[in-house]
Amino acid sequence: MINESFAYYAKYEPWLKLKMQEFNLMGYHQINEEDLWNYVTSFCWKRIRPTHYYQQINDIMKITPNQYLDYAAVEAQVYKVTSLEEMNFDDLF
């Protein structure tokens, strides 16, 4: 399964790198290929992945920084919840 997933990812890696470079030129250096891949697979293609390869590439290439950052903000709020005991509140005061 891991090898199959890697081969599947490798098919899109050049396009993810290109999109990451575009984001870097716009000043978004914290976004990497893996972040973009997670966005595509868990948001863009959550319900249905386009049938044709060119449609899949089009989905990757039309991602904007705002779209990704909106997704990342929701992910951070919904899925990265920690308990109050684990949080360090000293930095807030």
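Note that this is a predicted model, so its numbers are computed, not measured. Numbering starts at 1 and runs along the sequence shown.
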Next on the checklist: Between F23 and I63, does the side-chain contact (heavy atoms from CB on, under 4.5 Å) criterion hold? Intermediate values first, please.
Outcome noted: CA-CA 10 Å; F23 281 14; I63 299 170; 3.9 Å; yes
Item to check | Which atom of Y12 lies closest to which atom of R49, heavy atoms considered | outcome: OH-NH1, 3.5 Å
Checklist entry - Which pair of non-hydrogen atoms, one from M20 and one from E33, has the smallest distance, and what is that distance? => result SD-N, 3.7 Å
Rounded distance (nearest 0.5 Å) linking atom [atom1] of [X] with atom [atom2] of [Y]:
X   : Y   : atom1 : atom2 : answer
I31 : M26 : CD1   : CE    : 8.5 Å
K46 : Y39 : NZ    : OH    : 12.5 Å
E34 : E13 : CD    : CD    : 11.5 Å

Checklist entry - Counting only heavy atoms not in Q67, do more than 12 sit closer than 6.0 Å to its CD atom? => result yes
Checklist entry - Is atom OH of Y71 surrounded by more than 12 heavy atoms (other residues, nucleotides or ligands) closer than 6.0 Å? => result yes
If we ignore hydrogens and angles and just use 3.5 Å, is the side chain of [X] paired with the main-chain N or O of [Y] as donor and acceptor?
X   : Y   : answer
Q56 : P50 : yes
D35 : N32 : yes
Q55 : H52 : yes

Between [X] and [Y], is any pair of side-chain heavy atoms under 4.5 Å apart?
X   : Y   : answer
L16 : Y9  : yes
Y53 : K11 : yes
L69 : Y28 : yes

Item to check | Among D59, L36, I60, N58, the one residue meeting side chain to side chain contact (heavy atoms under 4.5 Å, CB included) with W15 | outcome: I60
